[in-house]
A.B. asks: 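The structure under discussion is supplied below as structure tokens; questions concerning it will follow.
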Amino acid sequence: MAARARSTVLTGARVVLPTGIVDGGRVIVEGGRIAGAAPDDAVRIDLTGHWLVPGFVDLHNHGGGGASFTSGSVDDVLRGIRTHREHGTTTLVASAVTGEMDFLAQRAGILSELVEQGELAGIHFEGPFISPCRKGAHSEGLLRDPDPAEVRKLLDAARGTARMMTLAPELPGGTDSVRLLVEHGVIAAIGHTDATYEQTVEAIDAGASVATHLFNAMPPLGHRTPGPIAALLEDERVTVELINDGTHLHPAALELAFHRAGADRVAFITDAMDAAGFGDGRYQLGPLAVDVEGGVARLAEGGSIAGSTLTLDTAFQRAATVDRLPVDDIVRAISANPARLLGVYDRVGSLEPGKDADAVVLDADFGLKGVLHKGAWLIDPRVG
């Protein structure tokens with residue numbers, strides 16, 4: 001069971017703060033919050049030799065622990081949330097894949113209750129308003145143009161809990177739908193798109209501000225037809241999602257994104273499906289069958305990559321040990337930047353007094369050792 005001390009001082013770790021890395025730093029936890037001072041009788045936990053970083057924030061996640069956010073029961077969704085929390089993701093947006101409009105509206109109603117209860121940070125609709133040319137693991141027969149009236153139907157069904165919608169802006173109604181989303185305070189994300197460079201620029205000017213898993217499910221960068229990748233990378237208003245699992249992106253592509261966009265415009269995501277934290281086997285992603293072998297998810301028919309089995313602790317470790325990114329840049333991409341996008345940086349995304357006591361303890365090799373969620377240890381670094 002999770003154990004919460006009334007007041008705890010975490011000492012000795014290399015603490016990553018917004019101002020930089022503090023060796024031998026300390027973070028004070030009072031109840032479920034980070035505090036500025038500790039009483040004399042506070043419990044002290046020595047984390048010498050470890051890293052202490054903010055809890056991770058995942059903008060784009062379809063499930064985990066054998067459970068689907070798109071089709072599972074409330075208990076299934078809670079199991080998926082718990083699985084990712086135990087891998088350091090203390091703030092999570094549930095992503096839905098393409099489905100019938102009435103079904104998606106029904107799912108939005110179910111997920112919205114979990115947002116209202118504080119279990120989720122919001123809902124992300126990935127489809128059905130995407131290009132059949134770049135459909136990836138979405139059912140082509142259920143795709144449709146982004147009619148603003150239908151976009152509004154999903155927003156209404158989510159009862160104010162929709163945080164992001166991915167669409168292809170080149171489709172009829174695309175740019176108008178971007179404007180509608182922005183008017184309602186919902187992030188308009190460009191993805192699963194066959195847009196030209198010019199069409200992408202138009203959508204960004206209309207208010208689109210996120211690139212859904214940059215490089216994946218969009219035309220490749222060309223020297224005469226640069227396409228959406230160039231437009232998304234060059235515009236300071238856009239945050240680019242990256243799936244750092246070693247399958248979706250070559251390390252050189254990841255390095256290009258960081259070099260061109262900068263660490264303040266990158267958000268690491270999982271795009272996880274049911275198998276994350278669970279194992280290989282046959283799964284469903286919406287109406288489509290997915291086979292997971294060696295941790296790689298592919299459609300049973302056609303072999304397209306179908307989401308990932310990634311958890312953000314693995315993405316962090318890979319970024320630090322394979323990609324050799326600076327640790328404070330990784331923390332921006334995995335915590336601070338997505339928290340700012342979601343409008344919750346006042347509560348999560350950094351280790352500062354007054355914020356939720358969400359933190360991850362990593363060992364010297366960046367392996368997961370502890371997870372603190374609102375002041376309660378989900379994984380206690382003192383055990384094992």
Side-chain angles (χ1 to χ4, degrees), residues 60 62 70 95-101 104 124-148 150-151 154 164-181 187-235 238 240-243 247-250 253 256-257 269 271 273 285-290 296-308:
H60 186 157
H62 298 280
T70 296
S95 300
V97 296
T98 294
E100 296 282 1
M101 287 294 294
L104 289 174
H124 165 219
F125 294 101
E126 188 182 18
F129 309 118
I130 60 176
S131 171
C133 300
R134 305 286 173 176
K135 63 183 184 296
H138 293 255
S139 178
E140 185 168 352
L142 297 174
L143 301 181
R144 53 212 300 134
D145 291 337
D147 180 347
E150 293 197 319
V151 170
L154 293 184
M164 184 162 68
M165 182 177 290
T166 295
L167 54 76
E170 75 277 11
L171 298 176
T175 303
D176 287 341
S177 292
V178 168
R179 295 191 182 98
L180 175 68
L181 291 169
I187 298 166
I190 298 173
H192 288 277
T193 177
D194 208 37
T196 63
Y197 173 88
E198 291 76 15
Q199 289 167 330
T200 306
V201 169
E202 181 182 5
I204 296 169
D205 286 340
S209 58
V210 166
T212 294
H213 43 55
L214 185 75
F215 299 109
N216 298 114
M218 58 183 63
L221 186 65
H223 63 292
R224 292 193 181 92
T225 54
I229 293 173
L232 294 163
L233 279 176
E234 73 183 8
D235 199 300
V238 176
V240 298
E241 295 181 347
L242 299 176
I243 308 171
T247 298
H248 282 78
L249 294 175
H250 189 283
L256 171 64
I269 61 162
D271 195 15
M273 44 80 71
L285 186 60
L288 302 178
V290 176
V296 178
R298 295 186 180 274
L299 291 181
E301 293 188 13
S304 292
I305 294 176
S308 85

A.B. asks: Do you know which of Ile269, Val210, Ile243 makes side chain to side chain contact (heavy atoms under 4.5 Å, CB included) with His60?
C.D. replies: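 Result for side chain to side chain contact (heavy atoms under 4.5 Å, CB included) with His60: Ile269.
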A.B. asks: Run the side chain to side chain contact (heavy atoms under 4.5 Å, CB included) check on Leu181 and Ile187 step by step: do they pass?
C.D. replies: CA-CA 7 Å; Leu181 291 169; Ile187 298 166; over 6 Å; no
A.B. asks: To the nearest 0.5 Å, tell me how far Met273 CE sits from Ile305 CD1.
C.D. replies: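 With rounding to 0.5 Å, CE (Met273) is 12.5 Å from CD1 (Ile305).
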A.B. asks: Rounded to the nearest 0.5 Å, how far apart are CZ of Phe215 and CG of Leu233?
C.D. replies: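 Reported value, rounded in 0.5 Å steps: 5.5 Å.
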A.B. asks: Does one side chain, of Glu170 or Thr193, offer a donor that lies under 3.5 Å from an acceptor on the other?
C.D. replies: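 Note: Glu170 and Thr193 side chains meet the donor-acceptor criterion.
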A.B. asks: For Leu154 and Phe129, what are the C-alpha separation, side-chain angles and deciding distance, and is it a side chain to side chain contact (heavy atoms under 4.5 Å, CB included)?
C.D. replies: CA-CA 11 Å; Leu154 293 184; Phe129 309 118; 4.0 Å; yes
A.B. asks: Which class fits the ring pair His213 and His192: parallel under 30°, tilted 30 to 60°, perpendicular over 60°?
C.D. replies: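 Perpendicular: the ring planes of His213 and His192 meet at over 60°.
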A.B. asks: Quick one: closest heavy-atom pair of Leu104 and Gly99, and the distance?
C.D. replies: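 Closest heavy-atom pair between Leu104 and Gly99: CD1-O, 3.6 Å.
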A.B. asks: Let me confirm one number: the CD1-CD distance from Ile204 to Glu202, rounded to the nearest 0.5 Å.
C.D. replies: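 If I round to the nearest 0.5 Å, the distance is 11.0 Å.
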A.B. asks: Carefully, step by step, assess Val178 and Leu167 under the rule side chain to side chain contact (heavy atoms under 4.5 Å, CB included).
C.D. replies: CA-CA 8 Å; Val178 168; Leu167 54 76; 3.8 Å; yes
A.B. asks: Say whether, by atom type as modelled, one donor and one acceptor occur between the side chain of Ser177 and the main chain of Pro146 under 3.5 angstrom.
C.D. replies: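 Yes: the side chain of Ser177 pairs with the backbone of Pro146.
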A.B. asks: Would you say CD of Glu100 has more than 12 non-hydrogen atoms from neighbouring residues, nucleotides or ligands within 6.0 angstrom?
C.D. replies: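 Incorrect, the count does not exceed 12.
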A.B. asks: List the atom of Pro219, the atom of Asp194, and the distance in Å for their closest heavy-atom pair.
C.D. replies: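 The pair with the smallest heavy-atom distance is CG-OD1, 3.4 Å.
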A.B. asks: Atom CD1 in Ile130, atom CG in Leu142: separation rounded to 0.5 Å?
C.D. replies: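 One finds 10.5 Å between CD1 of Ile130 and CG of Leu142.
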A.B. asks: With rounding to the nearest 0.5 angstrom, report the OG1 to CD1 distance, Thr200 to Ile229.
C.D. replies: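 Between atom OG1 of Thr200 and atom CD1 of Ile229 there are 9.5 Å.
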A.B. asks: Indicate yes or no for a side-chain donor-acceptor contact from Arg298 to the backbone of Gly303 under 3.5 Å, with no hydrogens or angles considered.
C.D. replies: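 Flag set: sc Arg298 to bb Gly303 pair under 3.5 Å.
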A.B. asks: Quick one: closest heavy-atom pair of Leu143 and Pro132, and the distance?
C.D. replies: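 Heavy-atom minimum between the residues: CD1-CA, 3.6 Å.
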A.B. asks: Out of His138, Arg144, Lys135, which residue meets the side chain to side chain contact (heavy atoms under 4.5 Å, CB included) rule with Pro128?
C.D. replies: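 In the set His138, Arg144, Lys135, the residue that makes a side chain to side chain contact (heavy atoms under 4.5 Å, CB included) with Pro128 is Arg144.
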A.B. asks: For the backbone of Ser95 and the side chain of Glu126, can you confirm whether one donor and one acceptor N or O come within less than 3.5 Å of each other?
C.D. replies: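 Pair absent, no side-chain N/O of Glu126 close to backbone of Ser95.
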A.B. asks: Using 0.5 Å steps for rounding, measure from the CD1 atom of Ile190 to the CE atom of Met218.
C.D. replies: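 The CD1 atom of Ile190 sits 8.0 Å away from the CE atom of Met218.
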A.B. asks: Can you tell me if Asn216 uses its side chain to pair, donor with acceptor, with the backbone of His248 under 3.5 Å?
C.D. replies: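 A pair under 3.5 Å: yes.
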A.B. asks: Between Asp176 and Leu180, is the side chain to side chain contact (heavy atoms under 4.5 Å, CB included) condition met? List the steps.
C.D. replies: CA-CA 6 Å; Asp176 287 341; Leu180 175 68; over 6 Å; no
A.B. asks: Taking all non-hydrogen atoms of both residues, which atom of Ala96 and which atom of Thr70 are closest, and how far apart?
C.D. replies: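 Closest approach of Ala96 to Thr70: CA-OG1, 3.6 Å.
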A.B. asks: At their closest point, which heavy atom of Ala168 faces which heavy atom of Ser131, and how far apart are they?
C.D. replies: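 Taking Ala168 first and Ser131 second, the nearest heavy atoms are CB-N, 3.7 Å.
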A.B. asks: Measure across Ala206 and Thr175 and return the closest heavy-atom pair with its distance rounded to 0.1 Å.
C.D. replies: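 That would be CB-CG2, 3.8 Å.
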